[in-house]
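Each ligand, and each atom within it, is numbered from 1 in the order the structure gives. Keep in mind it's a predicted model, so treat the numbers as computed, not measured.
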Amino acid sequence: MKVKRYVVGAVPEALPLIRGDLGSNAVILSTKEIRTGGFLGMFGKKRIEVIAAAESDGAGAVRTPAAGRSKPMPPAQPARPAETAADAVAAREEAFTAQRLAAAAVQERLAAAEPPPQAAVPQPQAAAAYSAAPAVQASVPAPPQVNGVLQEELLQEMRGIKTWMRQLSAQQAQDALTAPVKKLLERMEQQEVASVWREKLLQELQEAADYEQLADNGEALWTKAKELITNWLQPFEGAADAANLRAVHFVGPTGVGKTTTIAKLAAMETLKNKRSVGLITADTYRIAAVDQLRTYADILGVPLEVVFSPAESARAFQQLEEKELILMDTAGRNYRSELQINEVNSLLKSGEDTETCLVLSLTARTSDMEAVALPFIRHGVNKAIFTKLDETRIYGSLLNLVLEHRLQPLYLAFGQTVPDDIEPFGSRKYSALLLGEYDHG
Ligand SMILES: Nc1nc2c(ncn2[C@@H]2O[C@H](COP(=O)(O)OP(=O)(O)OP(=O)(O)O)[C@@H](O)[C@H]2O)c(=O)[nH]1
Ligand SMILES: [Mg+2]
């Protein structure tokens, strides 16, 4: 490709020069106001710098993705796999140049279809691109309806080009990654980590001073990625510190393990931490639900209060006033309806200083968890316990929820055994679980 620079008084002056030098299909890539002469950049003469380009084969035709097509082109095949960060930068620059040329070509066609009036000669600094040839033919305006149709077509074409350019640069950026980096991103995707966090991880890795080495060393890359994810999650850790919790309501969808989790925590606090614990259940929809918690309460020797209405919960809290920790069970519900959340909310406003903790099963998809969690988050709930870690191998939803909604993960539960199958959330352990070991295969 041939690129030439012209310094002229006004853009139209450059057109015959460009046409003479680069042919009639040359395009203007940029126009800029500059000052020439003068002293220390002052008192100089105002001039316009015009950069024009054409293919160097002499034909003067700049091949662009838009030329002669009404549909977006499919993503181009990469010429070669680029392996280093320098190649990635080169690939991005290539895409950027192609993008500018594509935009120039569309603007060229627009200029040809709808010639700018005299006053619309590009002002200095306008990064418009005019073809040298069509600008001269511009004196015959097309009928307005033809222009309308053409403009719509061109707009569509522009949108197509935009999509294509985006795909192309994503493809080129992807091709520029090394095999270990690709593998890492695939692992994150397979773990259902949202794209925003996958991109953030890649960006932070690429910003690391030793990225060049990391990118070719899977083990080191995995270690670094785990460290970064640990750092993201660490601020949300430690909220399970029992001393911070005094009275906690557990809410969540049916069957996620609320009652079992309460039993685990009651046992852990009573037996291990020697705290005095009281239990309340508002799950009176099913007789068996009360019995389930009563069985645990009897085994542990802790009091259980059963409440049938919000008014009664105040009485129950009074009864258990002396206890260091009060855990309250609620019925599992379909919390998609605001009405039910308001019910819970009225339970929460029983005049006591209570916290609400969401219980979510890791077997659910992020979007389902989010649908349950969002109304609670809007009511100020910011703590969660994630259960059934043992029933899945996909852990990304926790990261998505925690980072997106700043939800503090208190505990992870990983089985049916009371009290053993629960432990406080730890960001280091979780990131190790999420990424697994680097697979050399
Ligand atoms: N595998 C596994 N099972 C669990 C876990 N936590 C609870 N469960 C089991 O899940 C089932 C439901 O547990 P519950 O504690 O009754 O759940 P819930 O949320 O209280 O249910 P509802 O009160 O009906 O809404 C039981 O069989 C539990 O043993 C866990 O972390 N892992
Ligand atoms: Mg229950």
Of the side chain and backbone of Val256, name the one, both, or neither that has a heavy atom under 4.0 Å from an atom of ligand 1. both
I need the protein N, O or S atoms closer than 2.8 Å to the Mg ion (ligand 2), given as residue plus atom name. Thr259 OG1
For the pair Lys274 and Glu324, find out whether any cationic side-chain nitrogen is under 4.0 Å from an anionic carboxylate oxygen. no
Looking only at protein heavy atoms, what sits closest to atom 3 (N) of ligand 1 is Gln416 CG, 3.4 Å
What is the distance from atom OH of Tyr430 to atom OG1 of Thr230, rounded to the nearest 0.5 Å? 11.0 Å
To the nearest 0.5 Å, tell me how far Phe250 CZ sits from Thr281 OG1. 12.0 Å
Hey, is Lys183 close enough to Glu186 for a salt bridge, meaning N to O under 4.0 Å? no
Which pair of non-hydrogen atoms, one from Ile422 and one from Met268, has the smallest distance, and what is that distance? CG2-SD, 4.1 Å
Under 4.0 Å, heavy atoms only, figure out whether ligand 1 is touched by the backbone of Asp283, its side chain, both or neither. side chain
Mark yes when over 12 heavy atoms from residues, nucleotides or ligands other than Glu322 sit less than 6.0 Å from its CD; otherwise mark no. no
If I apply the N/O under 3.5 Å rule, does Asp329 come out as touching ligand 1? no
What protein heavy atom is closest to atom 23 (O) of ligand 1, reported as residue, atom name and distance in Å? Arg286 NH2, 3.2 Å
Does ligand 1 have a heavy atom under 4.0 Å from the side chain of Lys258, from its backbone, from both, or from neither? both
Quick check on Asp421 - does any of its heavy atoms sit under 4.0 Å from an atom of ligand 1? no
Backbone or side-chain N or O of Glu391 under 3.5 Å from ligand 1 N or O: yes
According to side-chain hydrogen bond (donor to acceptor under 3.5 Å, both in side chains), who are the partners of Lys182, at least two apart in sequence or on a separate chain? none
Taking atom 17 (O) of ligand 1 as the reference point, the nearest protein heavy atom with its distance: Gly257 N, 3.0 Å
Check salt bridge (Lys or Arg N to Asp or Glu O under 4.0 Å) between Glu423 and all other residues, then give those that pass, not counting sequence neighbours. Lys429
Protein residue, atom and distance nearest to atom 16 (O) of ligand 1, heavy-atom basis: Gln292 NE2, 3.1 Å
Say whether Thr178 and Asp216, considering side chains only, have a donor N or O and an acceptor N or O under 3.5 Å apart. no
Tyr395 and side-chain contact (heavy atoms from CB on, under 4.5 Å): which partner among Leu389, Leu412, Leu435? Leu389
If we number the atoms of ligand 1 from 1 as shown, the ones under 4.0 Å from a heavy atom of Ala413 are 31 (O)
If we ignore hydrogens and angles and just use 3.5 Å, is the side chain of Ser431 paired with the main-chain N or O of Arg428 as donor and acceptor? yes
Considering only non-hydrogen protein atoms, determine which one is nearest to atom 12 (C) of ligand 1 and report residue, atom name and distance to 0.1 Å. Gly255 O, 3.7 Å
Looking only at protein heavy atoms, identify the closest one to atom 30 (C) of ligand 1 and say how far it is in Å. Gly415 O, 3.3 Å
Could you find the nearest protein heavy atom to atom 8 (N) of ligand 1 and give me its residue, atom name and distance? Lys388 CE, 3.8 Å
In the protein, which heavy atom is nearest to atom 28 (C) of ligand 1, and how far is it? Thr260 OG1, 3.6 Å
Tell me, yes or no, whether the heavy-atom count around Lys4 atom NZ, taken from other residues, nucleotides or ligands under 6.0 Å, exceeds 12. no
Show the atom names and distances, to 0.1 Å, of all donor-acceptor pairs under 3.5 Å that link a side chain in residues 192-204 to residues at least two apart or in another chain.
| unit_1 | atom_1 | unit_2 | atom_2 | d |
| --- | --- | --- | --- | --- |
| Arg198 | NH1 | Val193 | O | 2.8 |
| Lys200 | NZ | Glu204 | OE2 | 3.0 |
| Gln203 | NE2 | Glu207 | OE2 | 3.1 |
| Glu204 | OE1 | Trp232 | NE1 | 3.2 |
| Glu204 | OE2 | Trp232 | NE1 | 3.3 |

